[in-house]
Each structure stands twice: as C-alpha cells, then as structure tokens.
Protein chains: 2
Amino acid sequence: MYKIEFKDFFTYSFSLDCVIFGFQNGKIHVLLIKRAMEPFKNKWAIPGDLVYPDEDLAAAANRILVELTNLSMVDLHQAETFGNPNRHPQGRVITSAYMALIRIADFKATPASWAEEVKWQAIDELQELAFDHNAIIQSTYELLKKKMRTEPICFDLLPERFTLNELQCLYEFVYTTTFDKANFRKKLKHIPLIKQTEKQANVKHRPAKLFSFDSQLFQSLITQSEYQFKL
Amino acid sequence: MYKIEFKDFFTYSFSLDCVIFGFQNGKIHVLLIKRAMEPFKNKWAIPGDLVYPDEDLAAAANRILVELTNLSMVDLHQAETFGNPNRHPQGRVITSAYMALIRIADFKATPASWAEEVKWQAIDELQELAFDHNAIIQSTYELLKKKMRTEPICFDLLPERFTLNELQCLYEFVYTTTFDKANFRKKLKHIPLIKQTEKQANVKHRPAKLFSFDSQLFQSLITQSEYQFKL
DNA sequence: GCAAAAGTGTTTGGATTACACCCATGC
DNA sequence: GCATGGGTGTAATCCAAACACTTTTGC
C-alpha cells in the first residue's frame with residue numbers, strides 16, 4: 001500500500017526553533033545565537049534543537065530555549081511549521097517555529113550548550129542565517145504584525161511601565177508608518193491602562209506620565225463583554 | 001551532549017491531516033473518512049497520512065487528499081501542528097493540519113485507498129473521531145473564523161454565483177449571530193462583486209440577484225492601494 | 001390579495017481624521 | 001527665553017446600528 005515500508009516512515013527528526021522578539025532603540029529585535037557545532041558552525045541562527053522522542057512540543061520549546069540561552073519562563077506560542085526535505089543537510093528534519101515576545105531588559109540571555117554567543121539583532125538588519133532561519137523569522141514576524149492588531153501583545157515588548165509615546169513608536173515601527181499623536185491616544189481610551197503616579201525622569205523636556213497595562217481588567221472585559229482589543 | 005544518541009532522534013514519523021471545509025444547508029461541514037485500517041479501524045477521521053521522507057509538505061497534503069478522497073486541485077493551507085507524544089498509538093507521530101475551503105457541489109469526494117467511506121459532517125454535529133482529530137478540527141475551525149474576518153475566503157465556500165443572502169447566512173453561521181440585512185449590504189459596498197444578469201430561479205418569492213466575487217479587481221486593489229478586506 | 005423574501009432609504013450617535021494649540025522641563 | 005517633546009480640544013467627516021419602508025415573485 002505504501003511505496004516504502006512502514007518502519008521507514010520513522011526516519012525523520014523533528015526540531016523546534018524559537019523566534020524571540022524584543023524591542024529596543026525603536027526597533028524590533030530578534031535573539032540570535034552563534035552555532036559552535038556543525039552544520040553551519042560559526043553561523044548565526046535562532047535558538048533551536050531537536051525534540052526528544054517522548055517530549056511534548058511546548059515543553060521542548062522551553063527546554064531548548066533555556067539550554068541555549070538561559071532564558072526561562074518565556075511564554076512561547078507556535079507559529080509556522082517548515083518541512084522542505086532539504087532544509088537540513090544531515091537528514092529530514094521538520095521544524096516548528098515557536099515565538100515569544102519579551103522585555104529585553106527583564107531577561108539576561110547568555111550563551112550555553114553549543115551556543116557560543118548570543119545577541120539581539122534588529123529585524124531590519126539581519127544577515128544571512130543558518131538553515132532556512134531567515135524565512136522562519138520572516139514568516140513569524142508577519143504573524144507578530146497580524147497579532148499586534150487584535151491582541152494586547154505589545155505590552156510584552158515594552159517595559160512594565162511605559163510612556164504613551166513608546167507605545168506609539170512601537171506600533172509605528174511595526175507598521176512602518178506614522179500616527180497623529182492626539183488620534184493615537186484617543187484609540188487608547190478603550191484599552192485598559194493604569195496611569196502611574198510617577199513620571200519619566202532625566203529627560204530634557206516635559207516628563208511623560210508612565211502607564212502599565214491592566215491585564216486583570218482586560219481579562220474580565222473579554223470574558224464579560226464582547227470587547228475586542230484593536231490598535 | 002544529548003541524553004540519547006543522535007541517530008535515535010530519527011525515530012519519529014510525520015503526518016498531515018486535511019481539514020476540508022464546505023458549506024451546505026446553512027452549516028459549515030467537514031469532510032470525514034471512515035478508516036478501513038488499524039489503528040482506529042472503522043472510526044471516522046479526517047483524511048490524513050504519513051509524509052514520505054523526501055516529500056515536501058504542501059505536495060504531500062495534496063497527494064494524501066487525492067489518495068483518500070479523490071479530491072484534487074484543492075488549495076490547502078497550513079494550520080496548527082500537533083505533537084503530543086501519545087497522540088498516535090503506534091509511535092511518535094507529529095502531524096500538521098492543512099485546511100482548505102471548497103464548494104461541495106463542485107467536487108465529488110469518493111473513498112479510495114484505506115478510506116472506506118466519505119461523508120460531509122456538520123461542524124456542530126461531530127461525533128468522536130480517531131486520534132486527536134476533534135481537537136484538530138476545532139483549532140482549524142478557529143483559524144477559519146479568524147481568517148473570514150479579513151480575507152475573502154468565504155467565496156471559496158459559496159457557489160460561483162451566489163445571492164447576498166447566502167453570503168449573509170454563511171457569516172451568521174460562522175459568527176453565531178444575526179445581522180441586519182440593510183447594514184450587512186452596506187458593508188458589501190466595499191467588496192468587489194460582479195452583479196450577474198441572471199436571477200435566482202424556482203423560488204416562491206421575489207428572485208434574488210446573483211453575484212460573483214471579482215478576484216481580479218480584488219487583486220489589483222490590494223496591490224495598488226492599502227485596501228483591506230473586512231466583513 | 002397574501003405570504004415570503006428581496007432590496008433600499010433615513011436618522012442618529014459614535015468613531016476617525018486633520019489640525020491647532022497649550023504645558024512642563026533642561027539649559 | 002527657547003528648544004523639545006508631552007498632552008489636549010475642536011470641527012468636519014465618515015461609519016455603523018436601528019428601523020421602516022417598497023418591490024417582486026408564487027400561489
């Protein structure tokens with residue numbers, strides 16, 4: 001019935017690749033590691049590795065990220081799966097991308113295992129990476145852009161307390177456009193933000209008020225009404 | 001470095017499962033097959049099978065669908081990937097869902113290979129299926145619902161020529177709500193539709209005008225302006 | 001004429017846009 | 001005072017919801 005024997009279907013491998021986004025200096029960045037191992041030794045890549053045969057995908061994504069970069073407690077979500085038969089030089093390896101958005105300043109990524117170095121690279125300044133990792137990042141970034149319109153994931157990228165201008169700059173970078181300040185703030189009227197008492201410090205202009213996202217209120221809004229986040 | 005030998009990572013298998021949606025009798029339906037093969041022999045399932053080790057994913061999804069149901073030339077798109085270690089009783093099989101939307105009347109699904117029967121089942125009347133196929137359908141249906149808001153995929157489900165009421169009924173079923181007829185049609189003002197000269201026939205009330213989707217105009221709209229489909 | 005569904009117009013209130021203006025801080 | 005960004009108000013316009021109304025067909 002099959003063109004090959006049933007047992008010969010069990011000759012794949014399966015990996016996960018973690019696309020970790022952060023926001024700094026006005027740009028979305030991606031976490032990269034330098035491979036200390038063949039194939040693509042000394043090339044930059046996104047952190048990823050093979051999944052153990054008895055391991056669940058979500059758990060494996062977390063393990064792999066910890067092992068290579070010491071980033072733990074990161075909220076990973078599945079993105080696209082890549083299965084070109086030639087994408088891995090050592091055999092048939094299908095890979096699923098997992099994505100996370102983190103506050104760069106709140107985490108300390110350090111190289112471990114076969115990761116020799118770790119760095120944050122601006123999404124618009126990526127060099128050529130190992131495997132098909134450029135395509136993986138591209139596809140996952142498209143997903144990020146889509147999600148940012150309808151889900152409050154922007155707050156995972158900004159510091160816990162942020163200014164409204166920082167929020168606007170993030171959206172302007174992602175959508176490569178500019179917004180009218182007054183109108184952008186009117187849209188924020190519908191979004192549950194907590195105004196902090198403190199203000200920005202050490203700026204040579206009027207200090208901005210700081211805000212934080214009210215995720216509790218957000219949760220009750222979406223469960224109790226047909227509230228829809230939109231920006 | 002690894003807890004197992006490198007070669008022991010090549011003990012997985014990988015499958016694809018096709019979630020084919022259609023629309024009839026006012027309801028979204030899913031194409032199911034009856035398995036003539038262990039495991040889950042005689043159980044209903046979505047069409048799916050193992051991917052050959054040298055086969056590309058998109059091509060494999062099409063091949064599998066043809067082999068089991070004789071449906072060819074179907075436009076399949078990747079959805080979620082499922083990798084619970086215990087989801088398949090015969091080994092570690094990771095699977096990616098592929099989804100398609102078709103006009104039921106334009107295709108003739110017939111069982112082949114180890115598919116014993118084929119049927120269209122209403123999405124809200126699904127029985128218990130083989131493997132984790134209920135979860136796969138659920139997740140893929142959520143994706144369909146999301147996509148229908150911003151992409152003109154509804155026209156893949158409706159007949160080539162449809163009435164505006166049929167379109168409205170489709171959206172009302174998917175969003176489990178009702179719309180005001182006049183207001184729904186105002187929203188359609190922005191969507192490139194071609195008014196046909198013929199009308200509905202054999203109805204015992206005023207016959208409705210028939211429309212078709214102008215995909216050419218749609219293509220030029222999205223490339224030339226920043227047009228966004230929305231319904 | 002009547003039932004049934006097709007098809008359209010009007011009003012109203014809320015959101016979006018463009019744009020102008022004032023405010024607080026460092027130097 | 002002035003440069004720099006923070007922060008807000010207004011008017012015009014567009015859009016969406018609610019609702020009422022007219023039209024065309026079969027019987």
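Every chain is numbered from 1 and lettered A, B, ... according to where its sequence line falls, protein lines coming before strand lines. Keep in mind that what you see is a predicted model, and the values were worked out from it rather than measured.
Between A/N183 and the phosphate of C/dA18, there is no side-chain N or O to OP1/OP2 separation shorter than 4.0 Å.
For the pair B/L188 CG and D/dA16 C1', the interatomic distance rounds to 14 Å; values are reported in whole Å. If you take NZ of B/K186 and C1' of D/dA17, they are 8 Å apart, rounded to a whole angstrom. Rounding to whole angstrom units, CZ of residue B/F179 and P of D/dC15 are separated by 19 Å. When rounded to the nearest whole Å, the span between CD of A/Q168 and C1' of D/dG6 equals 11 Å. Remark: C1' of C/dG9 and CZ of B/R185 are 14 Å apart, rounded to the nearest angstrom. A/K230 places its NZ atom 11 Å from the P atom of C/dA15, with the value rounded to the nearest Å. In this structure, A/N165 atom CG and D/dG7 atom P are separated by 9 Å, rounded to whole Å. We find that CZ of A/F184 is positioned 17 Å from P of C/dA15, with the value rounded to whole Å.
Contacts between residues 201-212 of chain A and DNA chain C, defined by a heavy-atom separation below 4.0 Å, involve A/V203, A/K204, A/H205, A/R206, A/P207, listed by number.
Shown here is A/E226, whose CD atom has no more than 12 heavy atoms of other residues, nucleotides or ligands within 6.0 Å.
Taking the side chain of B/A182 as heavy atoms from C-beta on, and the options C/dT17, C/dA6, C/dG9, the nearest nucleotide is C/dG9.
Salt-bridge annotation for A/R103 and A/E166: absent, with no side-chain N of the basic residue lying under 4.0 Å from a carboxylate O of the acidic one.
Residues passing the side chain to side chain contact (heavy atoms under 4.5 Å, CB included) test with A/N25, sequence neighbours excluded: none.
Between B/Y175 and B/F179, the ring planes are perpendicular. Angles over 60° get that label, and only those under 30° would be called parallel. The aromatic rings of A/F184 and A/Y171 lie tilted to each other, with the angle between the two planes from 30° to 60°.
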For residues 73-82 of chain B, please give each side-chain donor-acceptor pair under 3.5 Å, one per line with the distance, not counting sequence neighbours.
{"residue": "B/D75", "atom": "OD2", "partner": "B/H77", "partner atom": "NE2", "Å": "3.4"}
{"residue": "B/Q78", "atom": "OE1", "partner": "A/T81", "partner atom": "N", "Å": "2.8"}
{"residue": "B/Q78", "atom": "NE2", "partner": "A/T81", "partner atom": "O", "Å": "2.9"}
{"residue": "B/Q78", "atom": "NE2", "partner": "B/Y98", "partner atom": "OH", "Å": "3.3"}
{"residue": "B/E80", "atom": "OE1", "partner": "B/S139", "partner atom": "OG", "Å": "2.7"}
{"residue": "B/T81", "atom": "OG1", "partner": "A/T81", "partner atom": "OG1", "Å": "2.5"}
{"residue": "B/T81", "atom": "OG1", "partner": "B/S96", "partner atom": "OG", "Å": "2.8"}

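Looking at A/M148 and A/L144, their side chains come closer than 4.5 Å, going by heavy atoms from C-beta outward.
Place A/K187 and B/K181 on DNA chain C by their nearest nucleotides, and B/K181 ends up nearer the 5' end.
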